[in-house]
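Mind having a look at this structure? Questions to follow.
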Amino acid sequence: MTAHLLELEDVQTQIALRRGAIRAVDHVSLTLDPGETLGIVGESGSGKSMTALSIMRLLPRAARITGGRIRFKGRDLADLSEDEMEAIRGTEMAMIFQDPMTSLNPVYRAGWQVGEPLRIHRHVDKRASIAAAVDLFRKVGIPDAKTRVDQFPHQFSGGMRQRTMIAMGLSTGPSLLIADEPTTALDVTIQAQILDLLRALNRDYGTATILITHNLGVVAGMCDRVLVMYAGRVVEQGTTEDVFVHPEHPYTWSLLRSIPRLDATGHEPLRPIEGSPPDMGRLPAGCKFHPRCPFVIDRCREEEPDLREVRSQLARCWVTQAGRSLDSPDGR
Amino acid sequence: MSNAPAIVIAEEPIRRAPVAFVELVRTHRRVTVGVLLVALLFLIALLSPVISPHDPLATDPDNSYLRPLSPGHLLGSDELGRDLLSRVLWGARVSLPVAFVAVAVGLVGGGLIGLTSGYAGGLVDLLLMRLMDALLAFPGLILAIAIVAALGPGLRNAMIAIGIVAVPVYARLVRAVVLQLKEMEFVVATRSLGANPARLIVAHFIPNLLNPIIVQVSLSAGFAMLAEATLSFLGLGAQLPTPDWGQMISSGASFLTNDPWLAIVPGAAISITVYSFNLLGDSLRDALDPRLRS
């Protein structure tokens with residue numbers, strides 16, 4: 001166990017609702033090394049964003065980390081005071097968000113906002129922070145940077161705003177960047193540009209990146225390793241290549257199979273995953289995916305599997321742990 | 001691990017677009033008019049000792065009930081022969097500060113309550129807002145009269161009373177905007193950059209609150225002016241012989257049939273003042289909206 005940049009061990013995060021607590025993040029463990037890119041994939045409500053917010057310790061008021069450990073650069077984040085955490089946020093870890101329309105403050109000029117972390121942490125004055133913003137704008141590929149820093153967010157397009165967010169996150173040179181669905185709200189050509197930018201920044205500055213997405217294509221193009229989440233749990237984890245070439249969890253398998261292929265011959269029907277995402281307040285017994293699983297066996301309904309090594313990755317599935325491969329489902 | 005993007009300060013200085021208020025005033029004609037009118041009112045209040053032709057308190061029984069445009073008395077004189085123009089000019093020294101102190105009381109009190117309520121939420125929010133509802137349940141003027149009656153008549157107590165009446169208005173306004181802001185992603189985004197809650201509120205929430213507050217200040221400056229005039233009219237505000245607009249209307253009311261200008265002149269002063277503030281607030285709201293700024 002040499003020093004990982006970030007290490008999550010059995011992290012549990014609960015959200016208190018009127019009808020009881022739900023386990024939004026359930027015993028999630030992961031590691032991230034310097035310079036690495038990790039993808040976290042899952043449907044809405046699978047606990048991806050909650051995992052990210054747990055790391056940043058920016059959970060909504062109703063949510064609480066109830067167990068486990070989050071270690072960042074050797075320090076247990078749970079031991080840090082709020083002040084110490086604030087000193088880390090924006091310097092050593094930064095986050096960019098899904099909706100670039102609302103993640104910038106509408107009353108401030110873009111340059112002022114990009115300079116905010118520098119003013120908070122480096123105590124530079126307004127002038128210098130805006131000068132730095134011009135430089136950052138150039139780095140993230142915003143043309144005409146000098147004019148742009150003087151403009152308001154509403155004068156920017158979605159892609160520009162996301163670039164602005166990235167510039168803001170990068171201003172202090174963090175070693176960890178969490179991108180929570182950074183391309184979901186953008187159209188496809190802009191998505192590609194933003195991903196290219198993230199990839200270039202990762203390559204040039206060695207910023208370790210956690211990329212949260214529900215888009216498998218994004219993961220395939222960007223990530224070294226991938227973590228698949230379902231109902232707050234990690235169901236599969238491995239290198240991107242292993243997971244994509246031979247998924248060892250039926251959920252991953254279904255996700256991959258549901259992507260329409262351009263090279264399909266004839267009229268291949270779309271293959272959605274049957275059923276709908278589980279109600280987090282009333283999870284089924286046993287494996288949480290079993291009601292939707294085409295490979296389901298009796299044991300799945302009674303007992304929940306652990307995350308165990310299957311071939312070269314980790315998977316939480318009785319079927320593959322027993323040595324069967326996911327080629328085509330039987331019983332259908 | 002910090003082979004991070006180095007922060008290079010740009011070689012040449014950048015020209016910052018002038019954010020200055022002057023620019024705003026220059027480019028928006030309605031703001032220009034509003035600012036000029038309000039500035040004029042303040043100037044009048046400031047300079048009234050210099051510019052008024054007579055002592056506002058000096059009686060002159062030989063020249064009472066002079067009509068407006070009489071020689072030496074541009075706006076006429078009242079039942080005791082006091083020069084109306086001088087009294088109206090001096091009245092600005094009473095009405096403007098009263099309105100401003102009252103609005104400030106309402107803004108600070110209501111603003112703090114609204115920020116606390118909106119940001120904290122939960123039980124704090126519930127209790128504070130029920131208290132505000134209780135205050136709002138009374139018609140504004142009745143509440144102000146009740147408070148002055150309890151505290152005793154006088155300008156200082158009138159200011160406090162009018163301020164208290166304005167508190168729930170600001171509290172609800174600020175709370176509503178804070179609730180809206182709290183849902184925006186830039187709140188988490190700003191926190192993720194390391195801003196603490198105090199910085200979030202002061203540097204990020206308050207500027208977002210300015211526009212609605214400016215509009216509300218103009219409206220409640222108008223209300224405060226009227227309320228002060230009403231309280232003085234009822235004898236609960238400015239006391240004789242202070243030249244106060246409301247108080248002047250009150251004493252002029254008895255002569256409405258034969259010498260209506262005794263009430264019309266101070267009434268017009270109140271109208272012009274209220275209009276000026278409303279125009280300023282209204283035009284600033286339009287001009288300050290970042291979505292409308294080009």
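Here is the naming used below: chain letters follow the sequence lines, and residue numbers restart at 1 for every chain.
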Is the charged tip of Arg163(A) near the ring of Phe137(A): under 6.0 Å from the six-membered ring centre and within 45° of its axis?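 Pair Arg163(A)/Phe137(A) does not count as cation-pi.
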Chain B contact via Met56(A) - side chain, backbone, both or neither, heavy atoms under 4.5 Å: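 Side chain only.
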Could you check which of Met95(A), Glu116(A), Met93(A) has the highest count of heavy-atom pairs closer than 4.5 Å to chain B?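 If we count pairs closer than 4.5 Å to chain B, Glu116(A) comes out on top.
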Consider only side-chain N and O atoms of Thr13(A) and Ser54(A), and report whether a donor and an acceptor are under 3.5 Å apart.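 The criterion, which ignores hydrogens and geometry beyond distance, is satisfied for Ser54(A) and Thr13(A).
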Could you report the tightest heavy-atom contact between Pro212(B) and Val177(B), atom names first, then the distance?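 Closest approach of Pro212(B) to Val177(B): CG-CG2, 4.0 Å.
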Can you list the residues that meet the salt bridge (Lys or Arg N to Asp or Glu O under 4.0 Å) rule with Glu181(A), with sequence neighbours excluded?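 Applying salt bridge (Lys or Arg N to Asp or Glu O under 4.0 Å) to Glu181(A) gives Lys48(A).
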Proximity breakdown for Leu201(A) and chain B, heavy-atom pairs closer than 4.5 Å: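 When you check distances to chain B, no heavy atom of Leu201(A) falls under 4.5 Å.
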Relative to the ring of Phe42(B), is the ring of Phe277(B) parallel (under 30°), tilted (30 to 60°) or perpendicular (over 60°)?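 Phe277(B) vs Phe42(B) ring planes: perpendicular.
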How many angstroms lie between CG in Leu118(A) and NZ in Lys126(A), if you round to the nearest 0.5 Å?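 One finds 14.5 Å between CG of Leu118(A) and NZ of Lys126(A).
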Quick one about Ser49(A) and Asp180(A) (side-chain donor to acceptor, distance below 3.5 Å, no hydrogens or angles considered), yes or no?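 The answer is yes; a qualifying pair exists.
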Would you mind checking which part of Glu82(A) comes under 4.5 Å of any heavy atom in chain B, side chain (CB onward), backbone (N, CA, C, O), both or neither?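 Contact with chain B: side chain only.
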With a 4.5 angstrom heavy-atom cut-off, could you sort out which part of Met85(A) is near chain B: side chain, backbone, both or neither?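 Nothing of Met85(A), per the 4.5 Å heavy-atom cut-off to chain B.
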Listed by chain and number, what are the salt bridge (Lys or Arg N to Asp or Glu O under 4.0 Å) partners of Asp133(B), not counting sequence neighbours?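 So Asp133(B) forms a salt bridge (Lys or Arg N to Asp or Glu O under 4.0 Å) with Arg130(B), Arg172(B).
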Heavy atoms only, distances under 4.5 angstrom: which of Asp83(A), Ile96(A), Leu104(A) has the most pairs with chain B? Name it, please.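 Most heavy-atom pairs under 4.5 Å with chain B: Leu104(A).
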Where does Arg57(A) contact chain B at under 4.5 Å (heavy atoms): side chain, backbone, both or neither?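 Neither part; nothing is under 4.5 Å.
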List the atom pairs, donor and acceptor, that lie under 3.5 Å between side-chain atoms in residues 162-169 of chain B and the rest of the protein, sequence neighbours left out.
none

Which residues from residues 193-205 of chain B are near chain A, with near meaning under 4.5 Å between non-hydrogen atoms?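 The list, in residue order, reads Leu193(B), Gly194(B), Ala195(B), Asn196(B), Pro197(B), Arg199(B), Ala203(B), His204(B).
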